[in-house]
2 protein chains.
Amino acid sequence: MSDAPDVFGALADPTRRALLERLSAGDGATATELATGLPITRQAVAKHLSVLAGAGLVDARRQGREMRYRPTPAPLGDAVAWMTGIGAEWDERLAALARTVQRRRA
Amino acid sequence: MSDAPDVFGALADPTRRALLERLSAGDGATATELATGLPITRQAVAKHLSVLAGAGLVDARRQGREMRYRPTPAPLGDAVAWMTGIGAEWDERLAALARTVQRRRA
DNA sequence: AGCATCTGCAACCTCCTAGTTGCGCGTTTG
DNA sequence: CAAACGCGCAACTAGGAGGTTGCAGATGCT
């Protein structure tokens, strides 16, 4: 759909954020599992998971006839780094976070 | 356009991120100022600024016949908190950030 | 006053996105 | 083997987002 690793674009949709929350709560899940409990179809969930995978936020792994998705929060670190960079000179709290990110990403 | 304070939705557009970067670089700017140097019209920039304002990321202040925009990065803190909450149990680096956020927001 | 800016509002267009349905293929299980 | 389950792909539709043009209302400068 688009393989640009746009993390913010992937997080823009509330459904995708809900999916990430569910994934991080348990030990991964399949598309059909996630679809039960959401008011959308399995294919819609699969599309969202595809977008998340394109952004590098989830990792798809085949297990037999199932497709298990697990969250890979590494890109979140980049997004956090960008945000702290923006707000560094305007907000002391974010500036402190920026320093932490800088130190840990080195 | 929508007054829902969707921070991620506001940050999804590359143009809006560029606007935020420019705003945080200087001491605020007007829509016409920002439009020069971008390949879009002033009205498009104004719309983007309106979205950013709806998300609480910029503050619009009238100065005579000008409209000066300044960044207000407070919502970025919430976004960072959400991200760290997601990745906390999957990534040690983000867990550390989560602790920092928790401590500073109390 | 008169003109040049700067802004905001409204209508319009185009394209992408979220969602649906339908179908075919691989993988279990009885 | 055959039936059932899970998945992916393709076509289609509706609605929203980004962008443009045009115009009217304030404000500043000479």
Side-chain angles (χ1 to χ4, degrees), chain A residues 1-23 26-71, chain B residues 1-23 26-71 75 79:
Chain A
M1 197 165 289
S2 90
D3 50 2
D6 191 344
V7 182
F8 290 110
L11 294 179
D13 192 277
T15 304
R16 280 195 286 267
R17 279 186 303 240
L19 287 178
L20 261 193
E21 286 177 0
R22 288 212 187 185
L23 282 180
D27 190 29
T30 68
T32 37
E33 265 179 34
L34 292 166
T36 68
L38 286 185
I40 56 178
T41 58
R42 171 188 63 89
Q43 286 86 343
V45 174
K47 273 193 190 179
H48 283 302
L49 288 172
S50 162
V51 173
L52 289 172
L57 285 166
V58 299
D59 175 62
R61 202 132 95 188
R62 175 148 232 124
Q63 272 188 0
R65 73 176 157 183
E66 282 187 350
M67 195 67 162
R68 203 123 211 119
Y69 291 90
R70 309 187 59 190
Chain B
M1 197 163 290
S2 93
D3 49 3
D6 192 345
V7 182
F8 290 111
L11 294 179
D13 193 275
T15 305
R16 280 197 286 268
R17 273 177 302 205
L19 287 177
L20 262 193
E21 286 178 0
R22 287 211 187 184
L23 282 180
D27 190 29
T30 69
T32 37
E33 265 179 35
L34 293 166
T36 68
L38 286 185
I40 56 177
T41 59
R42 171 188 64 88
Q43 288 86 342
V45 174
K47 274 193 190 180
H48 283 303
L49 288 173
S50 164
V51 173
L52 289 173
L57 284 165
V58 300
D59 174 63
R61 201 132 96 189
R62 173 146 233 126
Q63 271 189 1
R65 74 173 156 182
E66 283 187 348
M67 196 67 162
R68 204 121 211 120
Y69 292 89
R70 308 186 61 188

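Below, read A as the first sequence line, B as the second, and so on, with proteins coming before strands; counting in each chain starts at 1.
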Could you check how far [atom1] of [X] sits from [atom2] of [N], rounded to whole Å?
{"X": "B:Ile40", "N": "D:dT21", "atom1": "CD1", "atom2": "C1'", "result": "15 Å"}
{"X": "B:His48", "N": "C:dG8", "atom1": "NE2", "atom2": "C1'", "result": "17 Å"}
{"X": "A:Leu49", "N": "C:dT17", "atom1": "CG", "atom2": "C1'", "result": "16 Å"}
{"X": "A:Asp6", "N": "D:dG18", "atom1": "CG", "atom2": "P", "result": "12 Å"}

[X] [atom1] to [Y] [atom2] distance, which is reported to the nearest 0.5 Å:
{"X": "A:Leu11", "Y": "B:Leu11", "atom1": "CG", "atom2": "CG", "value": "9.5 Å"}
{"X": "A:His48", "Y": "A:Ile40", "atom1": "NE2", "atom2": "CD1", "value": "4.5 Å"}
{"X": "A:Thr32", "Y": "A:Gln43", "atom1": "OG1", "atom2": "CD", "value": "10.5 Å"}
{"X": "A:Leu34", "Y": "A:Arg42", "atom1": "CG", "atom2": "CZ", "value": "12.0 Å"}

Carboxylate-amine/guanidinium proximity below 4.0 Å for A:Asp59 and A:Arg68: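 Salt bridge flag = no for A:Arg68 with A:Asp59.
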Regarding B:Arg17 and A:Asp6, does a basic nitrogen lie under 4.0 Å from an acidic carboxylate oxygen?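 Salt bridge present between B:Arg17 and A:Asp6.
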Based on the rotation axes of five pairs at each end, what angle does the helix from C:dA1-D:dT30 to C:dG30-D:dC1 bend through, to 10°?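 Result, rounded to 10 degrees: 30°.
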Position toward the 5' end of DNA chain C (nearest nucleotide), A:Thr41 or A:Gln63: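 In this pair, the answer is A:Thr41.
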Starting at the 5' end of DNA chain C, which residue's closest nucleotide do you reach first, A:Gly9 or A:Gly64?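 Its nearest nucleotide being more 5', the pick is A:Gly9.
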Go through the steps to decide whether B:Val58 and B:Leu20 satisfy the test side chain to side chain contact (heavy atoms under 4.5 Å, CB included), and finish with yes or no. CA-CA 8 Å; B:Val58 300; B:Leu20 262 193; 4.0 Å; yes
Between N or O atoms, less than 3.5 Å apart, protein on one side and nucleotides 7-10 of chain D on the other: list the pairs.
| from | atom 1 | to | atom 2 | distance (Å) |
| --- | --- | --- | --- | --- |
| D:dC7 | OP2 | A:Thr32 | OG1 | 2.5 |
| D:dG8 | N7 | A:Arg42 | NH1 | 3.3 |
| D:dG8 | O6 | A:Arg42 | NH2 | 3.0 |

B:Arg22: what forms a salt bridge (Lys or Arg N to Asp or Glu O under 4.0 Å) with it, not counting sequence neighbours?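 B:Arg22 satisfies salt bridge (Lys or Arg N to Asp or Glu O under 4.0 Å) with no other residue.
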If you look at every strand shown and take non-hydrogen atoms under 4.0 Å, does A:Pro39 touch a base, only sugar-phosphate, or nothing?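 If one applies the 4.0 Å heavy-atom cut-off, A:Pro39 turns out to touch the sugar-phosphate alone, with no base involved.
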